[in-house]
Number of protein chains: 2
Amino acid sequence: MKRADALRNEQALLAAAAAVFVTSGVDAPIRQIAAEAGVGMGTIYRHFPTRAELVVAVYRHQVEACAEAGPVLLASADSALAALRQWVDLFVDFLVTKHGLANVLQSDRVGTSALHTYFLDRLVPICAQLLDAAVSNGQVMPDTGAYELMRGIGNLCAGHDKDPRYEPRRLVELLIRGLERTTGH
Amino acid sequence: MKRADALRNEQALLAAAAAVFVTSGVDAPIRQIAAEAGVGMGTIYRHFPTRAELVVAVYRHQVEACAEAGPVLLASADSALAALRQWVDLFVDFLVTKHGLANVLQSDRVGTSALHTYFLDRLVPICAQLLDAAVSNGQVMPDTGAYELMRGIGNLCAGHDKDPRYEPRRLVELLIRGLERTTGH
DNA sequence: CTACGATACGGAGCATTGTTCCGCTTTGTC
DNA sequence: GACAAAGCGGAACAATGCTCCGTATCGTAG
């Protein structure tokens, strides 16, 4: 059984982290999150040994929602390609509204591999499902993997803040267009 | 007139930085570069006040080469689109062979804005030239800016190390395909 | 060749941030 | 109420960026 204070602190930490992430991004100093939650740093590390685990805990619901939207869109959209587009849009929304989240999708940063792993493990199969459907009915070329596509989208969404000249959505749309099997040509 | 020791140190620093960048990436600790060059840290900061300036100095030649290749390719390639493709390939080569270089193209990192500015100021016009040519002869849709395209390519090349499942080149090719004006459809 | 002013150098020192560790406090139970 | 286990807090250490100033070196004028 878990102690009451431990539970309280865990909730406080999640709330504090969510708040701090909004204003300072997911790379905010641990001290800042601890201060916001009114706990010591040891407490943060006990509950969330790595930054990745904290981030995952904070955004778990939204990742789940995104994952669950996959099959729904596939059933409701006009075509598999349309479903893929709508789902990617959802994913991009998620990434661009969380400051700096997209950056951690890049695998080279140490200590974030758990995050990388969680997000991708959860979402790549969904993406693959949509992609496969679009390939099956001939709307999309078959030579791109879901993992690569997700990573690409994540990368395109990285570092878009503070630069109105760079709009990730346009490039993601370009990427999807590149996926399409062109009828002419 | 510049003092002889200052000149010597500048050369030593450039050589040291180039060497360290290869093994530790462009984010290598300043101390490491100073040690490799056999100088103090003050000396590094005097010659290159920001990391960006050091990186620029180290890669200036290669950026120049890439920039100068633009018009040449445009003149020699079969079509404007082919020239754009070849040039982008050159750019991608440049990015993926320099550990972590692609990451600094992202504008959110503080202190690297000078780098961002230099690389982009130099290369965006070249890219625009190729892009415009391809638009003019109807091979490419006219609604994508050179700046956005360059940033997108840079982002796609970020964080590719250590993950054989992620091959930036394939995605960049997808992006270019997305640019194409499809004859059918 | 020497002396001198300007220029450049080195690295100690401060600030920030990540991470660990251990003495102290709180909690649940008997 | 006492006790052991679980949890807590923050001091302390390490890595790194960056600044600052006493000292060393350089170029030159006499």
Side-chain angles (χ1 to χ4, degrees), chain A residues 1-17 19-21 23-58 99-100 103-104 106 108-116, chain B residues 1-17 19-21 23-58 99-100 103-104 106 108-116:
Chain A
M1 155 175 192
K2 223 169 195 175
R3 267 172 54 165
D5 55 346
L7 232 49
R8 253 199 323 274
N9 279 331
E10 191 164 321
Q11 291 311 309
L13 273 172
L14 284 175
V20 171
F21 286 172
T23 62
S24 307
V26 295
D27 288 324
I30 299 289
R31 279 172 176 77
Q32 191 181 341
I33 300 169
E36 173 84 20
V39 305
M41 288 183 307
T43 303
I44 264 195
Y45 280 101
R46 196 162 323 100
H47 287 283
F48 307 100
T50 69
R51 180 185 295 273
E53 288 173 63
L54 178 56
V55 176
V56 165
V58 168
H99 295 188
N103 303 281
V104 300
Q106 296 171 193
D108 61 334
R109 304 242 195 131
V110 289
T112 54
S113 55
L115 209 181
H116 185 259
Chain B
M1 157 177 193
K2 225 167 191 174
R3 268 172 54 166
D5 55 348
L7 233 48
R8 254 200 324 274
N9 279 329
E10 191 165 320
Q11 291 311 309
L13 274 172
L14 283 175
V20 171
F21 286 172
T23 62
S24 306
V26 295
D27 287 325
I30 300 288
R31 279 172 176 77
Q32 191 181 339
I33 299 169
E36 173 83 20
V39 305
M41 286 186 307
T43 302
I44 258 195
Y45 281 102
R46 197 165 320 101
H47 288 282
F48 307 99
T50 69
R51 179 185 295 273
E53 288 173 62
L54 178 57
V55 176
V56 165
V58 168
H99 294 189
N103 303 280
V104 300
Q106 297 171 191
D108 62 333
R109 303 239 196 136
V110 289
T112 53
S113 54
L115 209 180
H116 184 259

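Chain letters run A, B, ... following the sequence lines, proteins first and then strands; every chain starts at 1.
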Worksheet item: Any side-chain N or O of A:Asn9 less than 4.0 Å from the OP1 or OP2 oxygen of D:dC8?
Response: yes
Worksheet entry | Between C1' of C:dA12 and CD1 of B:Ile44, the distance in whole Å | 17 Å
Fill in: Close side-chain approach of A:Val56 and A:Phe48, heavy atoms under 4.5 Å
no
Worksheet item: Could you state the CD1-P distance from A:Ile33 to D:dG9, rounded to the nearest angstrom?
Response: 15 Å
Practice prompt. Give the nucleotide from the list D:dG7, C:dG13, C:dT17 with an atom nearest to the side chain of A:Pro29.
Written response: C:dT17
Fill in: Whole-Å distance separating the CD1 atom of B:Ile30 from the C1' atom of C:dG11
15 Å
Worksheet item: Sub-3.5 Å donor-acceptor pair from the side chain of A:Thr23 to the main-chain atoms of A:Val20, do we have one?
Response: yes
Worksheet entry | Spacing between B:Glu10 atom CD and C:dA8 atom P, to the nearest angstrom | 10 Å
Discussion item. Counting only side-chain heavy atoms from C-beta out, which of D:dC18, D:dG9, C:dC9 sits nearest to B:Tyr45?
Written reply: D:dC18
Practice prompt. Examine the base of D:dA6 for any acceptor or donor lying under 3.5 Å from a partner atom in the side chain of A:Arg3, and report the outcome as yes or no.
Written response: yes
Worksheet item: Mapping B:Lys2 and B:Pro49 to their closest nucleotides on DNA chain D, which lands nearer the 5' end?
Response: B:Pro49
Response to the item:
A:Leu7 atom CG is separated from D:dA6 atom P, nearest whole Å, by 16 Å
Item to complete: Check whether any side-chain N or O of B:Thr43 sits under 4.0 Å from OP1 or OP2 of C:dA8, and answer yes or no.
Response: no
Discussion item. With a cut-off of less than 4.0 Å, is there a side-chain N or O of B:Arg46 near OP1 or OP2 of D:dC18?
Written reply: no
Worksheet, complete the sentence: Shortest non-hydrogen pair, B:Glu36 vs B:Ala16, comes out as CG-CB, 3.4 Å
Discussion item. Starting the side chain at C-beta, find the nucleotide from D:dG9, C:dG28, D:dC26 nearest to B:Asp5.
Written reply: D:dC26
Discussion item. If you define the side chain from C-beta out and look only at heavy atoms, does anything of B:Ile30 sit under 4.5 Å from B:Leu54?
Written reply: no
Worksheet entry | For atom CG of A:Asp27 and atom P of C:dG18, their distance in whole Å | 9 Å
Discussion item. In this structure, how many angstroms lie between the C1' atom of C:dG18 and the CD atom of A:Gln32, rounded?
Written reply: 14 Å
Discussion item. If you compare every side-chain N and O of B:His47 against the phosphate oxygens of C:dC9 (OP1, OP2), does one of them come in below 4.0 Å?
Written reply: yes
Worksheet item: If you pin A:Arg31 and B:Arg31 to their nearest nucleotides in DNA chain D, which one's is more 5'?
Response: A:Arg31
Worksheet entry | A:Ala4 side chain, from C-beta outward: closest of D:dC26, D:dC8, C:dG28 | C:dG28
Discussion item. As an exercise, state the distance from CZ of B:Arg8 to NZ of B:Lys2, rounded to the nearest 0.5 Å.
Written reply: 13.5 Å
Item to complete: Nearest whole angstrom, please: distance from the C1' of C:dT20 to the CE of A:Met41.
Response: 9 Å
Practice prompt. Counting heavy atoms from C-beta on, name the nucleotide in C:dA8, D:dT28, C:dG18 closest to the side chain of B:Met1.
Written response: D:dT28
